Amino acid sequence: MKTQQLLEEKVKSKSFRFSVKLMTIGLIILILLIPKMMIMGLIHERKMTSESAQMEVHKSWSYQQTIRGPILTIPYVEKVIDKDGKLVKEEHHEYHVLPKTLDIKGELFPKELNRSIYHSIVYESAISLNGQFEKLDLEHLPMSPEDIKWDQIRLSIAVGDLRGISSAVALKWNDQQLPFSPGMNTPTLGTNGISLILSGNNIKTMPAEFSIQLELKGSNAISFAPLGETTNVSLSSSWNDPSFQGLFLPTDRNVNEKGFTAEWKVLNYNRDFPQQWTDNAYDLKSSDFGVALVDVADHYQKNERTAKYGIMIIVFVFLSFFLNEIITKQRVHPFQYILVGFAILAFYLLLLSFSEHVGFNLAYLISAVSVIGMVFIYSRSFLKTWLSSIALTSILSVAFLFIFILLQLESFALLVGSIGLFLILGLTMFFTRRINWYE
């Protein structure tokens, strides 16, 4: 009877001890959340520093470019007459005319500029704008020919950042060559641009074929506005990871390791402004479309995604150590759990540090091998057999490999991650099904 009581008390004591151990491990995991959040904050801080360095480069080089135009602006005077036929006042208006056709062809030449350890993606470009303006029907315009300010008719093109213009810009208007001047006073297009004065003779001899060549520097992205009744845009570049953005997507695209080509076709039916209007009745800035040169080597984003899985890896490793205690009857001190947990967190610091210099993939390999090796060597000091150390560090290796695969999958990361976690939970249940947790 006494022997049975002693045995029951021993079982209860052992069960209580393992319960306390499990709660201690849970507490350690919660404590490790603090340095994990600090690492996440450090990653965010380094990312902000990188973005600040990129903005400094863009400020010196040229910002993202947006091209809108050309647009023909005809100033005129509207005379207000009272009932006695006397002139009361003169109102000044502007009549805007868009081209019948607009064909834009361009090629982007990307390059990488560095500031300290941070790099920025910029580009040079060669852009040609060709098209046609229809003949103006002067009889059906909202003003009479004598009210038109013939010496102030202008052609304007909005350019996102004028500092990016690399050479003189001229307009070929039928057989004439006319130079543009900096500055633009057409708010419906934007705030920055170039313009020129067209003579009355140029307007009266319409229709007119036009051609404009632009050499532009810019950063990250370039976009256009569909100002033609039919607008065709064709872009090409050696950059192989474009992101098409804006109100319209390409009708045809081809992306491979050598770069990309993309073509857009936009009709006047696809936008919310007409071919002709008076004053600032319409805002053309809402219809922009184009392409961004995505930096696939954004290791800060990958570091953030990796660090989010940090606590999951710690839980898996701690669970494997705890199950090893249950199966082999060899106890592991909570302090040893803490050191292993900090070793795993050190992986994320190493990954962040190395990725800024050697790229994310190589940094991941270096950091994972370093931490796995350290955990393996340390586990040999408190685990009896080589097999136990190999098994436990293999679990850590599989966890690191699993996270790396998830990072590469992009769109399928959630699906594969969910299935992976389900399988891991199932395997844990399977291998622990015969353990009597009360004994």
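Worth saying up front: this structure is predicted, and the values here are computed from it rather than measured.
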Next item on the list: Determine the minimum heavy-atom distance between G341 and L32, stating which atoms define it.
Entry: CA-CD1, 3.7 Å
Margin query: Applying side chain to side chain donor-acceptor pair (under 3.5 Å) as the test, list every pair that has at least one member in residues 367-382; sequence neighbours left out.
Written below: S379-S389
Margin query: Could you tell me if the side chain of V159 sits less than 4.5 Å from the side chain of T66, heavy atoms only?
Written below: no
Notebook entry, point to check: Any side-chain heavy atom of L33 sitting closer than 4.5 Å to one from I311?
Noted result: yes
Item checked: Residue pair W173, L198: steps toward the side chain to side chain contact (heavy atoms under 4.5 Å, CB included) verdict -> CA-CA 9 Å; W173 183 268; L198 284 174; 4.0 Å; yes
Check: Centroid-to-centroid, F347 to F400, below 6.0 Å?
Finding: yes
Next item on the list: Could you give me the CA-CA distance, side-chain angles and deciding distance for Q152 and E94, then say whether side chain to side chain contact (heavy atoms under 4.5 Å, CB included) is met?
Entry: CA-CA 10 Å; Q152 297 181 28; E94 291 185 334; over 6 Å; no
Check: Can you find a heavy atom in the side chain of I74 that is under 4.5 Å from one in the side chain of L136?
Finding: yes
Notebook entry, point to check: Counting heavy atoms not belonging to H93, are there more than 12 under 6.0 Å from its NE2?
Noted result: yes
Check: Are the side chain of N174 and the backbone N or O of E209 linked by a donor-acceptor pair below 3.5 Å?
Finding: yes
Check: Going by atom types only, do T230 and T101 share a side-chain donor-acceptor pair under 3.5 Å?
Finding: no
Checklist line | Under 3.5 Å donor-acceptor, Y337 side chain and F322 backbone | finding: yes
Check: In terms of side-chain geometry, is the basic nitrogen of D288 or R68 positioned less than 4.0 Å from the acidic oxygen of its partner?
Finding: yes
Check: Looking at side-chain heavy atoms only, is the closest gap between L102 and V233 below 4.5 Å?
Finding: no
Notebook entry, point to check: CG/L171 to CD/Q213 distance, rounded to the nearest 0.5 angstrom?
Noted result: 11.0 Å
Note to self: I'd like to know if the side chain of S237 reaches the main chain of L108, judged simply by a donor and an acceptor atom lying under 3.5 Å from each other, with no hydrogens or angles considered.
What the structure shows: yes
Item checked: Y309/L406 under side chain to side chain contact (heavy atoms under 4.5 Å, CB included): CA gap, chis, key distance, verdict -> CA-CA 10 Å; Y309 296 104; L406 288 183; 3.9 Å; yes
Item checked: Working for side chain to side chain contact (heavy atoms under 4.5 Å, CB included), residues V122 and L293 -> CA-CA 9 Å; V122 299; L293 307 182; over 6 Å; no
Notebook entry, point to check: Under the salt bridge (Lys or Arg N to Asp or Glu O under 4.0 Å) test, which residues partner E124, sequence neighbours left out?
Noted result: none
Notebook entry, point to check: Are any of the side-chain heavy atoms of F273 and D283 separated by less than 4.5 Å?
Noted result: no
Notebook entry, point to check: Does NZ belonging to K172 count more than 12 external heavy atoms closer than 6.0 Å?
Noted result: no
Next item on the list: Using the side chain to side chain contact (heavy atoms under 4.5 Å, CB included) rule, pick out the option among T186, L72, N185 that qualifies with S156.
Entry: T186
Note to self: Taking the side chain as everything from C-beta on, heavy atoms only, tell me whether N254 gets closer than 4.5 Å to D252.
What the structure shows: no
Item checked: Spatial distance of atom NZ (K47) from atom CG (L352) [nearest 0.5 Å] -> 12.5 Å
Note to self: Test your reading of the model: is there a side-chain donor-acceptor pair from N240 to the backbone of N256, 3.5 Å cut-off?
What the structure shows: no
Note to self: In terms of relative ring orientation, are Y282 and W277 parallel, tilted or perpendicular, with 30° and 60° separating the classes?
What the structure shows: perpendicular
Check: Is there a donor-acceptor pair under 3.5 Å between the side chain of Q65 and the backbone N or O of K217?
Finding: yes
Next item on the list: Look at the side chain of S167 and the backbone N and O of E215, then say whether any donor-acceptor pair between them is shorter than 3.5 Å.
Entry: no
Check: Does some side-chain heavy atom of I222 sit less than 4.5 Å from a side-chain heavy atom of Y123?
Finding: yes
Item checked: Heavy atoms of other groups near F382 CZ, more than 12 under 6.0 Å -> yes
Margin query: Please check if the number of heavy atoms outside D175 that lie under 6.0 Å from its CG is greater than 12.
Written below: no
Note to self: Are W239 and F260 an aromatic pair, judged by ring center distance below 6.0 Å?
What the structure shows: no
Next item on the list: Keeping the roles fixed (side chain from S219, backbone from S62), state whether a donor-acceptor pair exists under 3.5 Å.
Entry: yes
Next item on the list: For the pair E229 (side chain) and L267 (backbone), establish whether a donor and an acceptor sit closer than 3.5 Å, ignoring hydrogens and angles.
Entry: no
Note to self: Could you check whether any side-chain N or O of Q276 sits under 3.5 Å from a backbone N or O of Y95, counting only pairs where one atom can act as donor and the other as acceptor?
What the structure shows: no
Next item on the list: Nearest 0.5 Å please: distance from the CD1 atom of I313 over to the CD1 atom of I403.
Entry: 4.5 Å
Notebook entry, point to check: What class does the angle between the rings of F289 and W264 fall in, given that below 30° is parallel, 30 to 60° is tilted and above 60° is perpendicular?
Noted result: tilted
Check: Is it true that Y63 and H58 have ring centroids separated by less than 6.0 Å?
Finding: no
Margin query: Looking at M37, I want to see if its CE is surrounded by more than 12 non-hydrogen atoms of other residues, nucleotides or ligands under 6.0 Å.
Written below: no
Check: Can you name the closest pair of heavy atoms from H96 and I71 and give their distance?
Finding: CB-CD1, 3.8 Å
Note to self: Nearest 0.5 Å, please: how far is CG in L162 from CE in M184?
What the structure shows: 8.5 Å
Notebook entry, point to check: So, F404 versus Y364, ring centres under 6.0 angstrom or not?
Noted result: yes
Checklist line | Contact summary for P226 and F248, nearest pair of heavy atoms | finding: CG-CE1, 3.9 Å
Next item on the list: Sequence neighbours left out, what pairs pass side chain to side chain donor-acceptor pair (under 3.5 Å) with at least one residue falling in residues 348-359?
Entry: R46-E356, Y300-E356, N303-S355
Item checked: Minimum heavy-atom distance M206-K135, with the two atoms named -> O-CG, 3.1 Å
Notebook entry, point to check: Taking all atoms of both residues into account, what is the closest heavy-atom pair of Q275 and N268, and its distance?
Noted result: OE1-CB, 4.2 Å
Note to self: If you apply the rule side chain to side chain donor-acceptor pair (under 3.5 Å), what do you find for T49 with S52, and how did you get there?
What the structure shows: CA-CA 5 Å; T49 304; S52 177; over 6 Å; no
Checklist line | Side-chain heavy atoms of I212 within contact of I157, under 4.5 Å | finding: yes
Checklist line | Approximate separation, where rounding is to 0.5 Å, of I194 CD1 and S181 OG | finding: 9.0 Å
Check: Mind checking whether F210 and F133 have ring centres under 6.0 Å apart?
Finding: yes
Check: For the atom pair NZ (K149) and CG (D147), what is the distance rounded to the nearest 0.5 Å?
Finding: 10.5 Å
Note to self: On a heavy-atom basis, which atom in N130 and which in S128 lie closest, and how many Å separate them?
What the structure shows: ND2-OG, 3.7 Å
Item checked: Test item: R163 side-chain N/O and K59 main-chain N/O as donor-acceptor pair under 3.5 Å -> yes
